[in-house]
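Below, chains carry the letters A, B, ... as their sequence lines are ordered, and counting in each starts from 1. Worth saying up front: this structure is predicted, and the values here are computed from it rather than measured.
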Amino acid sequence: MKWKRTHTCGELSANNIDENVVLMGWVASRRDHGGIIFIDLRDRWGLTQINIRPESSVYEEAKKLRNEWVVAFKGIVESRPDGMTNANLATGEIEVMATELEVLNAALTPPFNIVGDNVASEDLRLKYRYLDLRRQEMQQNLVMRHKVAQLARNYFSENDFLEIETPCLMKSTPEGARDFLVPSRLSRGKFYALPQSPQTYKQLLMIAGFDRYFQIVRCFRDEDLRADRQPEFTQIDVEMSFIHEEDVFAIVEGLMERILRETLDIEIPRPFSRLSYDEAMRTYGTDRPDRRFDLPLVDVSGIVKSSGYGIFVQAVASGKTVAGICAPGCASYSRKQQDDLAAWARQRGAAGLIIVKVGAGTLEGSVAKYFDEQQAAAMIAAFQAREGDLLLLCADERDLMRQVLAELRGEMAKRLGLIDDQKISLTWIVDFPLFEWSQERNRYVALHHPFTSPVAEDVEKMTTDPGTVRARAYDLVLNGLEIAGGSIRISRQDVQQKMFQALKISPQEAEQKFGFLLEALSYGAPPHGGIAFGFDRLIMILAGCQSIRDVIAFPKTASATSLMDGAPSEVDAEQLIELGLQMKERSLL
RNA sequence: GGGGUCGUGGUGCAGCUGGUUAGCACAUCGGCCUGUCAAGCCGAAGGUCGCGGGUUCGAGCCCCGUCGGCCCCGCCA
């Protein structure tokens, strides 16, 4: 490299005219007119047009340049002739008249286009991730990610929080997600686990007196992937002492307010709306409703049980629920469209979908005749339906019904164009139950995690009636995605032990797995609580991406592999020997 | 573990109910062109259709298996 760069490719303007400059970057585009040659030089700050005239001493060499070559140009900033400016480019008023050129590195023709919208398939993008990341869209996503991370750091620091790092090699814990295990060489036969979250550490930091902690931290869960789930992901982890739920809400709302203002220039009303878990489940069928649109679930069991429609009557009699949503203006759906919807619902486990058209104050369609006038009016009132609407009804076990209708609600909103993608909807979900019955494990499991505090007056019921115990937990839902979740923690040892009991964790196991925490709780643990953000998901929404992979520099595929470097891979026999490990054929297990 | 979907020149896609030399766009290479900005025009090269097996006179197209990408269910406190 012969010269020192004087400017980036995004900063030259009319103010720099006549200056001698040195730019370095990648050839984004080459337009060879036979005489004059234009090169778009690209770096992460932008694009600058280089002008090479036939009389230039670098003309012959410039002819050889190809896309993605790395080059340095020395030249003079000139104003573009009238009518030749490019308003789409920050540097569009000027161009650099090349006087000297140094090729810093030639490049193979890339396997896909870096510029333009002919986007390659995702597996190819992942294999050549370093090329994919050159694309403007990906650069913008990672800039957004940095901005929000930086903003969060500043915000928490200004609010007197300390960023403290916690270990990546920790003790494996039962409950929750499957751990990634790391074999120990020094303690042969033993394993570390990578943290699913720094949950216990941040609680120990509270006990240590580091009131107001935060950390932007990598977490690991060895579970199957989704568009919004990676085996390693990042949390903004927060914990505070001597606080109540409201203190957490206030801090988080302040952060979200600032993030939305400074990234999307959106002002959001505070305080954020709140919805109890029960109400969310009743109204939307899910604990993370997308409230950018309405379309509520309406339980009409009470109305239909006295109708003449056998399916409904029997369903209600057998303890099932009949509920539905009202699809506005869909009465014009053809028989086929209706059948398709029913099939769609069956595919998701519902027994079917019963579809009723709404006329002028009446119900129409084959089912309508089973409803008398009064019942029909009650139905229409319940759904606040109008003529031309379509009622989509489901008769099933409550939880299944909710699951199906929640999905149907989202699907119909999409089809009807009810989702305003410019809109931001933030809702706190509160009043979660502490436990959830697990059919599979035949015991209660923690809905949130086993360190979540019960509501004080429910502590006694932890042993007698766990299903009714309320948790001091909360989630923050953004446009139907859970972006943060937290709780006030258990800070008393006796309550923590009750929790383990309720989860059928024996005192021995509790001692073995969580003895350190139980002991710590007995050395003066302050009341404390906090929250953790799914940082990648947050960025995904802010960047308008459909997948978390697009906001992670080097993500894994759906089968948790890295197509670029080939991880995971086999290791040398010697490495296994050192660790005291031996591979077994799957058939021998 | 299960379900769905995709896999065609370097890339993105098309390929009718299975039937002659598998199309298009971009990229690449060459030529022309002094003002373009994802330059333009002309021309060329480049694929046997992820892989294996099967059905058939004949398969990119049908069937079975397998590998890989993506989406979903289970799972993810």
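- Checked by distance alone, A:Arg348 brings no side-chain donor or acceptor within 3.5 Å of a matching partner on the base of B:C72.
- One atom, CG of A:Leu400, and another, C1' of B:G74, lie 14 Å apart when rounded to the nearest Å.
- Using the six-membered ring where Trp is involved, A:Phe514 and A:Phe500 have ring planes that are parallel, under 30° apart on the 30 and 60° scheme.
- Residue A:Asp123 places no side-chain atom within donor-acceptor reach of the base of B:G7, judged by atom type and a 3.5 Å distance cut-off alone.
- With a cut-off of 3.5 Å on both pairing distances, the Watson-Crick or G-U wobble partner of B:C32 is B:G40.
- Atom CG of A:Leu408 and atom C1' of B:C72 are 16 Å apart (whole Å).
- Straight-line distance from the CG atom of A:Leu225 to the P atom of B:C70: 9 Å, rounded to whole Å.
- Contacts with RNA chain B (heavy atom under 4.0 Å) in residues 80-96 of chain A: A:Arg80, A:Pro81, A:Met84, A:Thr85, A:Asn86, A:Glu95, listed by number.
- Stacking between A:Phe112 and B:U11 is absent: the aromatic ring centre is not both under 5.5 angstrom from the base six-membered ring centre and within 30 degrees in plane angle.
- By the 30° and 60° cut-offs, the orientation of the rings of A:Tyr128 relative to A:Tyr130 is perpendicular.
- The separation between A:Gln403 atom CD and B:C72 atom C1' is 12 Å, rounded to whole Å.
- Salt bridge A:Arg42/A:Glu68: present, at least one basic N to carboxylate O contact under 4.0 Å.
- A:Arg226 comes within 4.0 angstrom of a nucleotide base, judged by non-hydrogen atoms across all strands.
- Side-chain contact check for A:Lys202 versus A:His528: every heavy-atom pair is 4.5 Å or farther apart.
- When both pairing distances are held under 3.5 Å, B:G65 makes a Watson-Crick or G-U pair with B:C51.
- Within 4.0 Å of A:Asn113, counting heavy atoms only, lie sugar-phosphate atoms of the nucleic acid but no base atom.
- No contact: A:Thr452 has no heavy atom under 4.0 Å from any strand.
- Within 4.0 Å of A:Arg441, counting heavy atoms only, lie sugar-phosphate atoms of the nucleic acid but no base atom.
- Look at the C1' atom in both B:G4 and B:G10: the space between them is 30 Å, to the nearest Å.
- Following rounding to the nearest Å, A:Arg221 (CZ) and B:G74 (C1') show an atom-to-atom distance of 17 Å.
- With RNA chain B read from its 5' end, the first of the two nearest nucleotides for A:His449 and A:Asn51 is the one closest to A:Asn51.
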